[in-house]
Each structure stands twice: as structure tokens, then as C-alpha cells.
Engineer: 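Questions regarding the structure given below will be posed in turn.
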Amino acid sequence: MNDNENKKDYETPPENSPQLQSGGKDEKKKRTARLILIFIIVFIIVFCGVYFGIQLFYSKDTPPEVTTEKSTAATTQALAENPIDFEALKKQNSDIYAWIKVPGTKVDYPIVQSSQDDSFYLKHSAEDKSWSESGAVYTEMVNRKYFRDPITVIYGHNGYGDSMFTTLHNFEKEEFFNSHSEFVIYTEGRKLTYQIISAFKYDDRHIMNSFNFADTTELAKFQDYLQNPENAVKNVRADLDTDIDTDSKIVILSTCITNQKSNRYLVCGVLIKDEKTN
């Protein structure tokens, strides 16, 4: 046997040699480790997907923090006072979610929203859902409850003494309109201040069903109309503290006009301050 043959025999161990058996075991360990690593990575990806999916789902009904440049300064200030005991109110009626105050008027009421029937609070009390001719101050399900929609409409009756939205007609007087420029809405944890843009007679169209406010062009046209309504019965504020654009949040207070079934009276305000409360 020559030297090359001896060398070949020396470098290549037999199949059942300890060297090959050890190499096979190492390869199996590596494969097992790779499989475990792949499983861990897949598990992490699936877990993260499920977790963030759940967070996104539940965040739909969570009032968003103020992120617009207009309101940033307000959120850094000290907490504002919130005089409304929402915990006690909700024990009486869980549909109560906000409270509105309009200085210079008798408007100082809880705001409700039925989750089943938009017309329920036309003839039911906000305090305990009992039947009431004068109804309550309410919004419809088309609007979210945190006043972050471009347009929110709040309804209240006219003509039941000076209750509900009857005294909004004070804004028909130019002097009163000029001297009363704001109204306030309280929610749990927030105080929302609105500057009154205009107050005017309007037709009886259902605003939220008549316009597509998701269309920025249509929204802009409606916003322009609120700043210059085509009606002789109107008061408009010329100088506002904020520009009205696609990020603006507008609340419209809507009530009837005595003996004019085909018309409504609207008082429109734009959000100028969003404060956290104690």
C-alpha cells in the first residue's frame, strides 16, 4: 500500500466512526435550534399582530387626545374646573355623556344620545328617561360622543316656556349676539369652548343626512355657508379667534321656530379651546 492510500484511509473515518456520529448529532442540534428560533419569531409576529389589532379595535371609541396645532397650547395648561358630576348623572341615565352651558340663556342641560332610537329623546327626559313633552337636549347616533366630528348637531325643543333651546332665540338680537360670543360643553375629563360663528334661520333639512362631510370640498362649502348664511334673519361674527378649515370642529345647536314647521334656528360654534379638567 502506497503513502497516498495510507493518507486517504487516515483522513476518511469509517461510517460508524465516532467522528461521523458526533457530526450527525451536531447537525441535528443545529436543525432543532433553527426550528425553535423560527417558531419563536413566528410566535412573536402573530402575538404582536393580535395585540395591536385588539388595541386598534378598542381605540375606536376612545376620545382622541388633541393633536391639532390650534389646541396644543391649551392641553399644556393647568386643569380646568369641571362642575358636572358625571358619575352621579350616569347612575340616573347612562345615556348622559356631556353637558352644555350657553351664557345669557337658560341653556344649562345634560346632553344625551340613545343607542337604539334617535327620536327617543324628542319626548323623554334626560334625567330618568321618563316621558316628557319638552324632551331633552340630544345628539343622534350619526355623531360620535366626543365632539371630534367636523360637524356635530345638537337638538333641543323650542316653545316650552323658556326651557330646552327656546332661549337660543336671544341670538336673533344683534346686540345680544355681539355680547355673547361663546358656549361651553363639558364631557368627562374635558371642557370644550366654542366661539359662536353665526346664528340664523335655516330650512328643515336634516343636516347630517344632507351633506357628505367626509368630502373635504363639500365640507368647505358648508363651512363657508355657516360664515355667510343666505338668509335675512342672521347674525354673523366677522372676526373669529381661529381659522376654519378641514381640522375645525363645529357644533350646531338646532331648534324649532314657533309657527314655522319648515324652518329651524341654528346657533353655530367652532371649537377654540379644549382643556383637560379635574
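What you are looking at is a predicted structure, and each value in this text was computed from that prediction instead of being measured. By convention here, the first residue in the shown sequence is residue 1.
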Engineer: Which atoms form the tightest heavy-atom contact between Ala126 and Ile96, and what is the distance?
Structural biologist: O-CD1, 3.6 Å

Engineer: Checking the side chain of Asn143 only, and the main-chain atoms of Val153 only, is there a donor and an acceptor separated by less than 3.5 Å?
Structural biologist: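 Yes; judged by distance alone, with no hydrogens or angles, the pair exists.
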
Engineer: Report the distance from atom CG of Leu192 to atom CD of Glu275, rounding to the nearest 0.5 Å.
Structural biologist: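 The distance works out to 9.0 Å.
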
Engineer: Would you call Lys101-Asp108 a salt bridge at under 4.0 Å N-O?
Structural biologist: yes

Engineer: Do Tyr138 and Asp118 have side-chain N/O donor and acceptor atoms under 3.5 Å apart?
Structural biologist: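 Looking only at side-chain atoms, Asp118 and Tyr138 do not form any donor-acceptor pair under 3.5 Å.
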
Engineer: Would one find more than 12 heavy atoms of other residues, nucleotides or ligands at under 6.0 Å from atom CG of Asp203?
Structural biologist: yes

Engineer: Is it the case that the ring center of Phe176 lies less than 6.0 angstrom away from the ring center of Phe171?
Structural biologist: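 Under 6.0 Å, so yes.
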
Engineer: When you measure from the side chain of Ser179 to the backbone of Glu175, do you find a donor-acceptor pair of N or O atoms at a distance under 3.5 Å?
Structural biologist: yes

Engineer: Evaluate whether atom CD of Glu174 has more than 12 neighbouring non-hydrogen atoms of other residues, nucleotides or ligands under 6.0 angstrom away.
Structural biologist: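 Counting neighbours around CD of Glu174, 12 or fewer heavy atoms of other residues, nucleotides or ligands fall under 6.0 Å, so no.
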
Engineer: His157 and Phe165: aromatic ring centres closer than 6.0 Å?
Structural biologist: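 No, the ring of His157 stays outside the 6.0 Å limit from the ring of Phe165, centre to centre.
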
Engineer: Which heavy-atom pair separates Cys256 from Arg264 by the least distance, and what is that distance?
Structural biologist: SG-NH1, 3.1 Å

Engineer: Are Arg205 and Ser210 close enough that a side-chain donor and a side-chain acceptor fall under 3.5 Å?
Structural biologist: no

Engineer: About how many Å separate OG of Ser132 and OH of Tyr121, when rounded to the nearest 0.5 Å?
Structural biologist: 11.5 Å

Engineer: Test your reading of the model: is there a side-chain donor-acceptor pair from Glu81 to the backbone of Asn278, 3.5 Å cut-off?
Structural biologist: no

Engineer: Is Lys173 atom NZ crowded by more than 12 heavy atoms from other residues, nucleotides or ligands, each under 6.0 Å away?
Structural biologist: no

Engineer: For atom NZ of Lys221, is the number of surrounding heavy atoms from other residues, nucleotides or ligands below 6.0 Å larger than 12?
Structural biologist: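 No, because the 6.0 Å sphere around NZ of Lys221 holds 12 heavy atoms or fewer from other groups.
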
Engineer: Between Lys276 and Leu79 (side chain of the first, backbone of the second, donor and acceptor by atom type, cut-off under 3.5 Å), is there such a pair?
Structural biologist: no

Engineer: Would you say the side-chain atoms of Tyr265 pair up with the backbone N or O of Glu172, donor to acceptor, closer than 3.5 Å?
Structural biologist: yes

Engineer: Tell me whether Tyr225 is reachable from Val236 by hopping between hydrophobic residues (I, L, V, M, F, W, Y) whose side-chain heavy atoms are closer than 4.5 Å.
Structural biologist: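 Looking at the clustering, Tyr225 is in a separate group from Val236.
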
Engineer: What's the spacing between Leu266 CG and Ile257 CD1 if we round to 0.5 Å?
Structural biologist: 8.0 Å

Engineer: Testing the 3.5 Å rule here: is there a donor-acceptor pair between the side chains of Thr139 and Gln113?
Structural biologist: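 Checked: Thr139/Gln113 side chains pair up, N/O donor to acceptor below 3.5 Å.
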
Engineer: Are more than 12 heavy atoms, taken from residues, nucleotides or ligands other than Glu133, located less than 6.0 Å from that residue's CD atom?
Structural biologist: yes

Engineer: May I ask you to decide whether Asp85 forms a salt bridge with Lys91, counting only side-chain N to carboxylate O separations under 4.0 Å?
Structural biologist: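 The answer is no: the pair does not qualify as a salt bridge.
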
Engineer: I'd like to know if Asp241 pairs up with Lys273 as an ion pair, taking the criterion as any Lys NZ or Arg NE/NH1/NH2 lying under 4.0 Å from an Asp or Glu carboxylate oxygen.
Structural biologist: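 Salt bridge flag = no for Lys273 with Asp241.
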
Engineer: Measure the spacing between CD1 of Ile272 and CD1 of Ile196 and express it to the nearest 0.5 Å.
Structural biologist: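 One gets 10.0 Å once the value is rounded to the nearest 0.5 Å.
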
Engineer: What's the separation between atom CD in Glu140 and atom CD1 in Ile207, rounded to the nearest 0.5 Å?
Structural biologist: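 The CD atom of Glu140 sits 10.5 Å away from the CD1 atom of Ile207.
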
Engineer: Can you tell which of Leu89, Ile111, Asn82 makes a side-chain contact (heavy atoms from CB on, under 4.5 Å) with Trp99?
Structural biologist: Leu89

Engineer: Can Ser114 and Gln116 be counted as having a side-chain donor-acceptor contact under 3.5 angstrom?
Structural biologist: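 There is no such pair (donor and acceptor under 3.5 Å, judged by atom type) between the side chains of Ser114 and Gln116.
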
Engineer: What are the two closest heavy atoms between Gly161 and Thr166, and how far apart are they?
Structural biologist: O-CG2, 3.2 Å

Engineer: Would you compute the distance between atom SG of Cys268 and atom CG of Leu253 and round it to the nearest 0.5 angstrom?
Structural biologist: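 Taking SG in Cys268 and CG in Leu253, the distance rounds to 7.5 Å.
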
Engineer: Decide side-chain contact (heavy atoms from CB on, under 4.5 Å) for Val137 and Val112; before the verdict, give the C-alpha distance in whole Å, the side-chain angles of both, and the deciding distance to 0.1 Å.
Structural biologist: CA-CA 6 Å; Val137 173; Val112 288; over 6 Å; no

Engineer: Assess Lys145 against Tyr97: is NZ or CZ under 6.0 Å from the centre of the six-membered ring, and within 45 degrees of the ring's axis?
Structural biologist: yes

Engineer: Does the side chain of Asn235 pick up a donor-acceptor pair with the side chain of Ser198 at under 3.5 Å?
Structural biologist: no

Engineer: Is there a donor-acceptor pair under 3.5 Å between the side chain of Glu218 and the backbone N or O of Ala214?
Structural biologist: no

Engineer: Considering residues, nucleotides and ligands other than Lys106, do more than 12 of their heavy atoms fall under 6.0 Å from its NZ?
Structural biologist: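 Count not over threshold, so no.
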
